[in-house]
Amino acid sequence: MGLDPAYPVVEANDPSTFVPIYDDGHQQVGRLGGASTRTNVFCMSTKWDAPHYRQLSTVNNDIPSQHGWIHADQVHVFGRPPYPVPQCQDLTGCLSTRGALRRLRRDASA
């Protein structure tokens, strides 16, 4: 899968090293480096006490996962001018339809 020009792209700061990509459980599921030093990102969030970019697609990662997270200190936004990367929405408790419904009910009763 190629890069999508409608979304920001991040590139490894040092193309001679590998940048790990983590899933939501902080397990490594892929890496940037070698022939694949760039990937599209969707948003930025604080994960594991540090800023991380969320991958747009995890299709090319080594291990299937719902999300891919890349440490922001190890990559930079690529392009001229670089696209702004928005903050991710807080989806805590909304990992399932049931969780989303509970959250809506809780908010409605407050």
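Counting from 1, the numbers follow the sequence of the chain as shown. Side chains are part of it too, since the values below use all heavy atoms of this structure and drop only hydrogens, waters and symmetry mates.
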- Residue pairs meeting salt bridge (Lys or Arg N to Asp or Glu O under 4.0 Å), one or both in residues 55-68, sequence neighbours left out, come to none
- Query: Would you find a donor on one side and an acceptor on the other, under 3.5 Å apart, between the side chain of T17 and the backbone of D14?
  - Reply: yes
- Nearest-0.5 Å distance that lies between atom CG in D23 and atom CD in Q55: 11.0 Å
- Are I70 and V29 connected in the hydrophobic side-chain network, where two residues link if heavy atoms are under 4.5 Å apart? yes
- Task: For residues Q66 and T58, report the shortest heavy-atom separation together with the two atoms involved.
- Result: O-CG2, 4.3 Å
- Query: Under a 4.5 Å cut-off applied to non-hydrogen side-chain atoms, are W69 and S45 in contact?
  - Reply: yes
- Item | Pairwise distance CD1(I21) to CD(Q28) - rounded to 0.5 angstrom | 8.0 Å
- Pairwise side-chain contact, Y53 with V77, heavy-atom cut-off 4.5 Å (strictly under): yes
- Any link between L56 and Y22 through a network of hydrophobic side chains (Ile, Leu, Val, Met, Phe, Trp, Tyr) touching at under 4.5 Å? no
- Note on the structure: Value for NE2 (H52) from NE2 (H67), rounded to nearest 0.5 Å, stands at 14.0 Å
- Message: Between Q27 and S65, is there a side-chain heavy-atom distance shorter than 4.5 Å?
- Response: no
- Any side-chain heavy atom of L32 sitting closer than 4.5 Å to one from T37? no
- Message: Distance check, rounded to the nearest 0.5 Å: K47 atom NZ versus H71 atom NE2?
- Response: 13.0 Å
- If you measure from OG on S57 to CG on L3, what distance do you get to the nearest 0.5 Å? 10.5 Å
- Message: Just checking F18: does its CZ atom have more than 12 heavy atoms from other residues, nucleotides or ligands closer to it than 6.0 angstrom?
- Response: yes
- Task: Please collect all disulfide bond (SG atoms under 2.5 Å apart) contacts where either partner lies in residues 4-51, sequence neighbours excluded, each pair once.
- Result: C43-C88
- Side chains of N61 and R31: closer than 4.5 Å at any heavy-atom pair? no
Only pairs under 3.5 Å count here: list side-chain donor-acceptor contacts from residues 5-13, not counting sequence neighbours, and write none if there are none.
residue	atom	partner	partner atom	Å
E11	OE1	H76	NE2	3.0
E11	OE2	R38	NE	2.8
E11	OE2	R38	NH2	3.0
N13	OD1	H76	N	3.3
N13	OD1	H76	ND1	2.9
N13	ND2	D73	O	2.9

- Task: Would you name the heavy atoms of V19 and Q74 that are closest together and state the gap between them?
- Result: CG1-OE1, 3.2 Å
